[in-house]
Structures are given as C-alpha cells and as structure tokens.
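Notes for the one structure printed next.
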Amino acid sequence: VAAGNLPYQITAPLLEKLLGDPQCRALVITVQKEVAERLTAEPGGKDYGPLTLFCCYNVAAIETIVRLSPGDFLPPPQVDSVALKLVRRTAPPFAQPDAAQFSHTVRAAFNHRRKSLVTGLTHAPQLGLSREQVAAAVVRAGLDGQRRAETLTMDELARLALALRQVKCA
C-alpha cells in the first residue's frame, strides 16, 4: 500500500508508475478535487479521458474517504482536495487487448477528442491508418464513427483496439 499527497503536475505519471507495479495493491492518496473528478468521471463528460480510462483499467474500486478544503492544510492551498482509496485490480478487466494496446488506442482516440471517432483516429499519427482502414475498424467494433472518443466506454474502446489491430494486420 502506498499513501501520499500528490501534487497536481505529477499525479498522472505517478499513478501510472504506482499502479503499474504489481506489488502495489492499494493507494490512499490526496489529490486536487479536479483530479479526483477526472479519475471517477463517466463517459460523455468533459473530465472523462485517458486518465479516467487508465484508472478504470487498473483499479477495481475507488472510494472517496474525505473531501478537504484549503483550511484543512497548513499553509492552505488555493484548491479543494479529496482523499481517495484506490484498490488495484488483481487481473486485467479483459484478456484482450493487453494494457499497452489498450493504452495506445485510448491515447490515439483522445488525441483529437473534439473530432468524430473516424476523423480523430485518421489523424492519429501513431496509428498510421488510412481513413478507410479506420472506418472499417470502427464498423468491425460495432461503433458509430460519428461518436467522439469521450462517449466511449472502456469495453467499447477495448473492442476498437482489437478491431484496429485486425485491420492493421490485414
């Protein structure tokens, strides 16, 4: 178990490092309220993104322990904070895709989060796929290509990752 007060600017990379370590079974952390909202966001909202999905992939449960105001600290920060308990998954949420492939797809999908799924993925240089290949993968995944990445659930993004791999290998 790891515990700490995470500075905003290093929260995401530190969470990735800690949750990527199989020895870390749980975290008790204090983060800025906005980070807590990103970690627990639902699809469709402005806070939903790669950090949310990284957490969903790696964390079985997130529990709010307490909400903290600036007056709870010395010296008082200029932000509200939240203490959270994160319990790591004992196994990945799905067998395929693996963590690296899932993360790659999430980052590509959110690279242009305000564009439609097909347009955004076509412009993702890390994929190296044509518009036709992306459109075929989206159809194969059973998704509407006009949706935006921020509306997709973790399971939908997993299906998309598999479909993108299949299209790329074809």
Side-chain angles (χ1 to χ4, degrees), residues 6-20 27 29-62 64 67 78-82 84 86 88-89 92-170:
L6 306 184
Y8 177 74
Q9 60 272 27
I10 66 164
T11 298
L14 190 54
L15 279 177
E16 287 181 23
K17 178 119 175 114
L18 291 169
L19 291 172
L27 297 172
I29 57 173
T30 301
V31 295
Q32 226 174 295
K33 180 183 87 166
E34 291 79 10
V35 173
E37 290 168 351
R38 287 175 55 205
L39 293 175
T40 59
E42 296 291 328
K46 66 178 177 57
D47 295 324
Y48 185 75
L51 183 60
T52 311
L53 288 153
F54 173 80
C55 239
C56 287
Y57 186 91
N58 290 286
V59 176
I62 299 178
T64 298
R67 298 179 195 287
Q78 296 185 4
V79 297
D80 289 324
S81 300
V82 178
L84 300 172
L86 287 73
R88 193 171 189 277
R89 287 184 187 273
F94 30 77
Q96 290 292 321
D98 64 20
Q101 184 181 7
F102 179 73
S103 177
H104 185 72
T105 299
V106 168
R107 292 189 193 288
F110 280 89
N111 206 26
H112 298 281
R113 72 181 289 144
R114 302 306 302 159
K115 295 187 181 290
S116 73
L117 195 54
V118 169
T119 301
L121 290 170
T122 300
H123 288 97
Q126 65 267 47
L127 292 180
L129 297 173
S130 69
R131 184 173 187 84
E132 292 76 25
Q133 289 173 303
V134 168
V138 169
V139 168
R140 181 176 270 181
L143 300 172
D144 176 355
Q146 293 305 308
R147 289 175 66 187
R148 293 182 175 166
E150 65 200 27
T151 68
L152 300 178
T153 66
M154 182 170 67
D155 290 337
E156 289 173 322
L157 282 158
R159 287 198 323 260
L160 179 61
L162 292 173
L164 287 167
R165 182 179 68 191
Q166 292 167 345
V167 165
K168 191 168 190 157
C169 293

Checklist outcome for this item: In short, A158 meets F102 closest at the heavy-atom pair N-CE1, 3.8 Å
Item to check | Main-chain N/O of S116 paired with T119 side-chain donor or acceptor, under 3.5 Å | outcome: no
Item to check | Approximate separation, where rounding is to 0.5 Å, of C56 SG and D155 CG | outcome: 10.0 Å
Checklist entry - How many angstroms lie between atom CG of L6 and atom CG of L15, to the nearest 0.5 angstrom? => result 6.0 Å
Next on the checklist: Measuring only between side-chain heavy atoms, which start at C-beta, is V106 closer than 4.5 Å to F54?
Outcome noted: no
Next on the checklist: The test is side-chain contact (heavy atoms from CB on, under 4.5 Å); show your working for D80 and R67 and say whether it passes.
Outcome noted: CA-CA 8 Å; D80 289 324; R67 298 179 195 287; over 6 Å; no
Next on the checklist: I'd like to check N111 versus P125 (side-chain heavy atoms, cut-off strictly below 4.5 Å). Are they in contact?
Outcome noted: yes
Item to check | side-chain hydrogen bond (donor to acceptor under 3.5 Å, both in side chains) partners for T64, two or more places apart | outcome: none
Checklist entry - Which heavy-atom pair separates L152 from Y48 by the least distance, and what is that distance? => result O-OH, 2.6 Å
Item to check | G49 backbone acceptor or donor facing T52 side chain under 3.5 Å | outcome: yes
Checklist entry - Residues in side-chain hydrogen bond (donor to acceptor under 3.5 Å, both in side chains) with E150, at least two apart? => result R113, R114
Item to check | Shortest non-hydrogen separation from A161 to P97 and the atoms involved | outcome: CB-CG, 3.7 Å
Next on the checklist: Check whether R147 reaches the backbone of L117 with its side chain - one donor and one acceptor, N or O, closer than 3.5 Å.
Outcome noted: no
Checklist entry - Relative to each other, are the rings of H112 and H123 parallel, tilted or perpendicular (30° and 60° limits)? => result perpendicular
Item to check | Separation between CG of L53 and CG of N58, rounded to the nearest 0.5 Å | outcome: 11.0 Å
Next on the checklist: If we ignore hydrogens and angles and just use 3.5 Å, is the side chain of H104 paired with the main-chain N or O of A100 as donor and acceptor?
Outcome noted: no
Checklist entry - Should the heavy atoms of other residues, nucleotides or ligands under 6.0 Å from CD of E42 be counted, would the total exceed 12? => result no
Checklist entry - Under 6.0 Å from the NZ atom of K168, do we count more than 12 heavy atoms belonging to anything else shown? => result yes
Item to check | Under 3.5 Å donor-acceptor, S103 side chain and A99 backbone | outcome: no
Checklist outcome for this item: What one should report as the nearest heavy-atom pair of R159 and G142 is NH2-O, 4.0 Å
Checklist entry - Of all heavy-atom pairs between L86 and C55, which one has the smallest distance, and what is that distance? => result CD2-SG, 3.8 Å
Checklist entry - Just how far is it from atom CG of L127 to atom OG1 of T105, taken to the nearest 0.5 Å? => result 6.5 Å
Checklist entry - Within the distance-only criterion (no hydrogens, no angle test), does the side chain of R88 pair as donor or acceptor with the backbone N or O of L19 below 3.5 angstrom? => result yes
Checklist entry - CD of E16 to CD1 of I10: how many Å apart, nearest 0.5 Å? => result 12.5 Å
Checklist outcome for this item: d(T11 OG1, R38 CZ) to nearest 0.5 Å is 8.5 Å
Item to check | Donor-acceptor under 3.5 Å (R140 side chain, L164 main chain) | outcome: no
Next on the checklist: Tell me which one of T151, L160, V118 satisfies side chain to side chain contact (heavy atoms under 4.5 Å, CB included) with L143.
Outcome noted: L160
Checklist outcome for this item: On a heavy-atom basis, the closest approach of G128 and Q133 is O-OE1, 4.4 Å
Next on the checklist: Regarding R165 and Q101, do their side chains bring together a donor and an acceptor under 3.5 Å, going by distance alone?
Outcome noted: yes
